[in-house]
Amino acid sequence: TPVAIDFPGTADGAKALLGEFLKPNADRPGLTRALKPTAADYAAVFEGDKATKAATAYEKLWNDPRAVIGADPANSELVMWAAKTDELKSWTGEANHFPGGYKNVAQHLKSGLTMYRWKFVKPGEKLGMAYDGLVYVNGHWAWFPKPWRAVGERKEMPPAPMPGAPVGPTPTVPVTR
């Protein structure tokens, strides 16, 4: 059964939505899947052919069952920042709280949208599990994490795993003949 996420397209709505992930019995995979963008969402967020490029790149994320927004149960607090796409383009407002990759991708984001970045942290701490790319578009919330990777705008940024992917060396599997 799909999880319904019906929160207003405001900062308070974003906080309420993200707060759902912190609930002890939250259906985090269901909540995450409910944020999957539609083709119209990609077209509303990305300029020109970058919309198709992003949709293709994000398919890998959406097909990976490990790609789930979540946090250690001890990380019970939400810290959130918001930046309009024009602020990301000029690196003003709260843009400095966003990953540096946004400097490279901002030119490919449509104006007038608000992007959200957040962390789930332990009480009183500043470090925790960080996410970005939440947008209210076409009347609903959608998630576009690390959009610079999706549109190929890395510029000297090392590759890193998508959210939910294990960190560390890639395990090797013995080959038998």
Side-chain angles (χ1 to χ4, degrees), residues 1-38 41-42 44-46 54 58 61-62 64-103 105-106 109-110 112-150 157 160-168:
T1 306
V3 173
I5 52 170
D6 187 22
F7 297 94
T10 62
D12 286 342
K15 283 181 183 176
L17 165 60
L18 296 172
E20 291 293 307
F21 287 91
L22 293 174
K23 291 183 177 177
N25 296 318
D27 176 4
R28 290 176 191 88
L31 286 165
T32 303
R33 283 191 300 277
L35 297 172
K36 181 179 180 179
T38 65
D41 296 340
Y42 289 109
V45 170
F46 294 95
Y58 280 122
L61 170 76
W62 294 111
D64 184 348
R66 298 170 301 161
V68 174
I69 296 171
D72 182 302
N75 292 6
S76 60
E77 291 185 1
L78 169 67
V79 181
M80 187 183 81
W81 300 271
K84 297 270 187 201
T85 46
D86 290 335
E87 291 173 323
L88 292 168
K89 291 174 185 177
S90 61
W91 212 246
T92 58
E94 293 190 334
N96 64 322
H97 292 285
F98 282 68
Y102 276 90
K103 290 179 182 178
V105 76
L109 299 174
K110 293 203 173 169
L113 300 170
T114 301
M115 303 285 284
Y116 293 88
R117 176 177 196 254
W118 71 98
K119 291 182 185 180
F120 297 129
V121 300
K122 292 179 179 139
E125 294 194 12
K126 293 182 180 181
L127 300 178
M129 193 65 190
Y131 297 92
D132 64 86
L134 184 67
V135 181
Y136 192 80
V137 63
N138 294 328
H140 65 101
W141 289 100
W143 186 40
F144 305 89
K146 298 175 177 42
W148 62 92
R149 291 190 187 138
M157 295 199 61
M162 292 298 280
V167 177

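Quantities reported herein were computed from a predicted structural model and do not represent experimental measurements.
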Hey, could you give me the [atom1]/[atom2] distance between [X] and [Y], rounded to the nearest 0.5 Å?
X	Y	atom1	atom2	answer
Lys119	Asp132	NZ	CG	11.5 Å
Leu61	Lys146	CG	NZ	10.0 Å
Trp148	Leu109	CH2	CG	11.0 Å
Tyr58	Asp64	OH	CG	14.5 Å
Glu94	Arg117	CD	CZ	11.0 Å

Which atom pair, heavy atoms only, marks the closest approach of [X] to [Y]?
X	Y	result
Met129	Ala71	CB-CB, 4.5 Å
Leu18	Leu78	CB-CD2, 3.8 Å
Leu31	Ala26	CD1-CB, 4.2 Å
Val121	Lys126	CG1-O, 3.8 Å
Ile69	Trp118	CD1-CZ2, 4.0 Å
Asn75	Lys122	OD1-CG, 3.1 Å

Salt bridge between Lys84 and Asp86, side-chain N to carboxylate O under 4.0 Å?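 Salt bridge absent between Lys84 and Asp86.
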
Please say which of Trp81, Trp141, Phe98, Tyr131 ends up in a side-chain contact (heavy atoms from CB on, under 4.5 Å) with Tyr116.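 Considering Trp81, Trp141, Phe98, Tyr131, a side-chain contact (heavy atoms from CB on, under 4.5 Å) with Tyr116 is found only for Trp141.
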
Does some side-chain heavy atom of [Y] sit less than 4.5 Å from a side-chain heavy atom of [X]?
X	Y	answer
Pro123	Ser76	yes
Leu88	Met115	yes
Pro147	Tyr102	yes
Met80	Lys15	yes

Can you tell me if Thr114 uses its side chain to pair, donor with acceptor, with the backbone of Ala82 under 3.5 Å?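 Here the side-chain-to-backbone pair does not exist.
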
Who pairs with Phe46 by ring pair (Phe, Tyr, Trp, His ring centres under 6.0 Å), at least two apart in sequence or on another chain?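 Partners of Phe46 by the ring pair (Phe, Tyr, Trp, His ring centres under 6.0 Å) criterion, ordered by chain and then number, come out as Phe144.
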
Which side-chain N or O atoms in residues 133-140 pair as donor and acceptor under 3.5 Å with protein atoms at least two apart or in another chain?
unit_1	atom_1	unit_2	atom_2	d
Tyr136	OH	Gly139	O	3.0
Asn138	ND2	Ala40	O	3.3
Asn138	ND2	Asp41	OD1	2.8
His140	NE2	Asp41	OD1	3.1
His140	NE2	Asp41	OD2	3.0

Assess the residue pair Leu17 and Leu35 against the criterion (side chain to side chain contact (heavy atoms under 4.5 Å, CB included)); give the C-alpha distance rounded to whole Å, side-chain angles, the decisive distance to 0.1 Å, and a yes or no. CA-CA 10 Å; Leu17 165 60; Leu35 297 172; 3.9 Å; yes

Is the cationic atom of Lys103 (NZ for Lys, CZ for Arg) positioned less than 6.0 Å from the six-membered ring centroid of Trp91 and within 45 degrees of its normal? yes

